[in-house]
Amino acid sequence: MRKNIVAGNWKMNNDLSQTESLISDLKSQVQTSNAEVMIAPTFVNLWHAFEALRQDSIEVVAQNMHFADNGAYTGEVSAEMLKSLGIKTVILGHSERRAYFNETDESLAKKVDQALQHGMRVIFCFGEELQDRKAGNQETVVKSQLVNALCHLDADAYKNIVLAYEPVWAIGTGETATPEQAQDMHAFIRSLFKERYNNDVADNLSILYGGSVKPNNAKEIFGKPDVDGGLIGGASLKAEDFFAIVNAF
Ligand code: PGA
């Protein structure tokens, strides 16, 4: 059975005291929900957030990691380092990592392998740019991102993969894909995995939508049959908005 997931991607926001205060707001709002709830603070506050949420149902996850075990990679963080804090899930392939830090399908394939080899769960992000959508190429672009970075995996690996479709033109712009656009793409992705693997893999894959999900549009987007949750940027920085989205399930 696939799971509903709502993950807050804090990006490069919140210093230590802001992290403490947002976590305390989150703790005061958390209630039983129909979705798994996650937050992804910056690396430097991961341990603090993990400790602060140890007794709660909110999972603390990482925004990125390196593909090597260790070594001369100044400024980078390894899977073992994350695991040693208790972090079990990592976001990979966010469009901001692709655009500003030159992450490619090839480097992402290595990161995915590394995370899975270390028993971590991956939230894998992908999505087309505005010019792709305008040209009607969104499915071709998304297919090649998924095939290049993921389709070398065997079917069993997908137990630890969550997909996050994030059209680049909808991230941080206030412009959301319509629920129909999201559903069409998610259905396309599921059919791709059916074709490449089997019904089981496709049916059990959680596919999140990301890109300007807000309290006022979450219900409609999450109401679509192939949308299993959301990756939330801006609206995850306010506990009230984030939980309004979580409670849209
Ligand atoms: P946004 O970001 O909700 O601010 O559009 C989504 C994301 O980048 O994951």
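Note that ligands are numbered from 1 as they come in the structure, with each ligand's atoms numbered from 1 the same way.
- The pair K134-E128 does not meet the salt-bridge criterion, since no charged nitrogen lies less than 4.0 angstrom from a carboxylate oxygen.
- Relative orientation of the H186 and Y165 rings is perpendicular, given thresholds of 30° and 60° on the angle between their planes.
- Counting protein heavy atoms only, atom 9 (O) of ligand 1 is closest to E166 OE2, 2.6 Å.
- For atom 4 (O) of ligand 1, the closest non-hydrogen atom of the protein is G234 N, 2.8 Å.
- The shell of residues lying under 4.0 angstrom from ligand 1, judged by heavy atoms, excludes K214.
- For R190 and F193, the positive end is not near the middle of the six-membered ring at less than 6.0 Å and at most 45° from its axis.
- Rounding to the nearest 0.5 angstrom, the gap separating the CZ atom in R98 from the CG atom in L92 is 10.0 Å.
- Close contacts between ligand 1 and H94 involve ligand atoms 7 (C), 8 (O), 9 (O) [criterion: under 4.0 Å to a heavy atom].
- No side-chain heavy atom of I232 sits under 4.5 Å from any side-chain heavy atom of D241.
- With Q63 contributing its side chain and K11 its backbone, the two residues share a donor-acceptor pair below 3.5 Å.
- No heavy atom of A235 sits closer than 4.0 Å to any atom of ligand 1.
- Below 4.0 Å from some heavy atom of L231 lie the following atoms of ligand 1, by number and element: 6 (C), 9 (O).
- Considering only non-hydrogen atoms, atom 5 (O) of ligand 1 lies nearest to G172 out of G172, S236, G233.
- Interface atoms of ligand 1 facing G211, defined by a heavy-atom separation under 4.0 Å, are 5 (O).
- One finds no salt bridge joining K3 and D228 here, because no Lys/Arg side-chain nitrogen approaches an Asp/Glu carboxylate oxygen to under 4.0 Å.
- With a heavy-atom cut-off of 4.0 Å, A170 touches ligand 1 through its backbone alone.
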